[in-house]
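Counting begins at 1 with the first residue of the sequence.
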Amino acid sequence: VPEARGDMAKTTKRTRAGGPKPAGRAGAAKSSAGAKAKPAAAKKAARAKPAKTPAKRRIPHYRQTTDFTCGPSSALMSMRAFDSKAPFDRASELQLWREATSVFSGPSGGHGGCGPVALALALRRRGYRAEVHVNHRDVFLGERTRSAERKEVMRVLQERDLAEAARQGIPIHYEMASQARLEERFRQGMIPIILVSTHYIHGDHVAHWVVVTGFDAENGYVNDPWVA
């Protein structure tokens with residue numbers, strides 16, 4: 001998942017995934033004599049955790065102009081959120097796709113979408129910092145091609161992108177980014193661009209890039225470039 005941020009957030013420090021360990025468990029502790037000692041906090045009524053303030057950001061919406069440019073369209077939205085003068089047009093959408101395309105997509109071998117590392121590189125070329133979270137090391141969406149030859153083309157491009165990302169210092173995290181992690185980064189000033197299945201939005205099974213625009217206690221909110 002690429003996350004773009006502009007100059008206004010460059011001073012944000014990176015956080016480690018784990019963080020400090022808690023000092024101890026909240027349950028009862030055994031005394032030296034073997035009897036259970038009740039923690040002092042048990043005598044007080046449990047206090048409810050204060051609700052988090054909803055985190056939301058106004059992000060301009062851009063409608064993708066082809067069925068394979070959801071990634072570039074999401075990148076345009078994230079850049080415009082940081083810079084009101086950032087490009088917001090079809091030529092920029094298609095140029096981003098040309099830079100970040102995976103070439104092939106689906107069993108028919110149609111126009112490919114964009115991979116996360118290639119999108120992060122495209123954002124870096126435009127002056128933004130980015131990091132990537134991906135939950136496997138295989139060819140990104142390679143299994144959808146159903147063709148060993150097409151998958152090999154995608155692998156060659158992905159390996160090149162990974163090497164360039166290493167040279168550029170773009171962090172690649174091989175992990176599933178949880179909603180809590182995405183919210184944490186969002187509150188730090190980053191804008192997550194996430195890949196979802198449209199099954200949960202439009203009822204079909206297509207990989208689709210969207211832009212996170214906010215969180216509240218129960219929900220995450222996105223700009224979907226497919227929606228007019």
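- The distance from the OG atom of Ser73 to the CZ atom of Arg90 is 10.0 Å, given to the nearest 0.5 Å.
- When all heavy atoms are compared, the tightest approach of Ser197 to Asp204 is OG-O, 4.1 Å.
- Remark: the His61 side chain and the Asp224 side chain contain no N/O donor-acceptor pair separated by less than 3.5 Å.
- Residues Gly189 and Arg57 approach most closely at O-NH1, 3.9 Å, considering heavy atoms.
- Between the side chains of Glu99 and Gln95, a donor-acceptor pair is found at a separation under 3.5 Å.
- Pairing each heavy atom of Ala130 with each of Pro171, the nearest pair is O-CD, 3.5 Å.
- Here Asp83 pairs with nothing under the side-chain hydrogen bond (donor to acceptor under 3.5 Å, both in side chains) rule; sequence neighbours left out.
- Shown here are the ring-ring contact (aromatic ring centres under 6.0 Å, His included) partners of His136, two or more places apart in sequence or in another chain: there are none.
- Counting heavy atoms from C-beta outward, Gln188 and Arg185 have side chains that approach closer than 4.5 Å.
- Annotation: cation-pi pair Arg80/Tyr62 absent, no NZ/CZ under 6.0 Å from the ring centroid and within 45° of its normal.
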Take Val117 and Gln158, measure what side-chain contact (heavy atoms from CB on, under 4.5 Å) needs, and give me the verdict at the end.
CA-CA 8 Å; Val117 180; Gln158 181 171 293; 5.8 Å; no

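- Contact check for Val227 versus His202: side-chain heavy atoms found under the 4.5 Å cut-off.
- In this structure, Thr53 OG1 and Arg187 CZ are separated by 6.5 Å, a value rounded to the nearest 0.5 Å.
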side-chain contact (heavy atoms from CB on, under 4.5 Å), that's the test. Do Arg129 and Met190 meet it? Break it down for me.
CA-CA 9 Å; Arg129 296 178 63 186; Met190 301 188 83; 5.9 Å; no

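- Annotation: side chain of Leu76 is in contact with side chain of Ser92 (closest heavy-atom distance under 4.5 Å).
- Cluster partners of Trp97 are Phe68, counting Ile, Leu, Val, Met, Phe, Trp and Tyr whose side-chain heavy atoms approach within less than 4.5 Å, directly or via other members.
- Considering every non-hydrogen atom in both Ile59 and Ala81, the closest pair reads CG1-CB, 3.9 Å.
- Residues Trp209 and Pro116 form a side-chain contact, since some pair of their non-hydrogen atoms from C-beta on lies under 4.5 Å apart.
- In terms of heavy atoms, Ile193 sits closest to Ser78 at CD1-OG, 3.8 Å.
- By the rule that hydrophobic residues join a cluster once side-chain heavy atoms approach within less than 4.5 Å of another member, Ile194 and Tyr200 end up as members of separate clusters.
- The minimum heavy-atom distance linking Pro225 with Cys70 is given by the pair CG-O, 3.9 Å.
- A search for salt bridge (charged side-chain N to carboxylate O under 4.0 Å, His left out) contacts involving Arg167 returns Glu164, not counting sequence neighbours.
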Does the pair Trp226 and Val210 meet the rule for a side-chain contact (heavy atoms from CB on, under 4.5 Å), with working shown?
CA-CA 9 Å; Trp226 186 253; Val210 297; over 6 Å; no

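- Scored by the salt bridge (charged side-chain N to carboxylate O under 4.0 Å, His left out) test, Arg63 finds no partners at all (sequence neighbours excluded).
- For Glu159, the side-chain contact (heavy atoms from CB on, under 4.5 Å) partners two or more places apart in sequence, or in a different chain, are Arg155, Leu162.
- Looking at heavy atoms from C-beta onward, His208 lies out of side-chain contact with Leu195 at the 4.5 angstrom threshold.
- Residue Thr101 holds its OG1 atom at 11.5 Å from CZ of Arg98, rounded to the nearest 0.5 Å.
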Go through it in stages, so that I can follow the logic: the residues are Asn223 and Val212, the test is side-chain contact (heavy atoms from CB on, under 4.5 Å), and I'd like the CA-CA distance, side-chain angles, deciding distance and then a yes or no.
CA-CA 6 Å; Asn223 271 4; Val212 175; over 6 Å; no

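- Aromatic ring orientation, His133 versus His173: parallel (interplanar angle below 30°, classes split at 30° and 60°).
- By the 6.0 Å and 45° rule, Lys56 stacks over the aromatic ring of Tyr221.
- For the residue pair Thr69 / Gln64, no side-chain donor-acceptor distance below 3.5 Å is found, with atom types taken as modelled.
- Both Val196 and Phe186 belong to a single network of hydrophobic side chains, linked directly or stepwise wherever heavy atoms of I, L, V, M, F, W or Y lie under 4.5 Å apart.
- No continuous path of ILVMFWY side-chain contacts below 4.5 Å connects Val206 to Val222, so the two sit in separate hydrophobic clusters.
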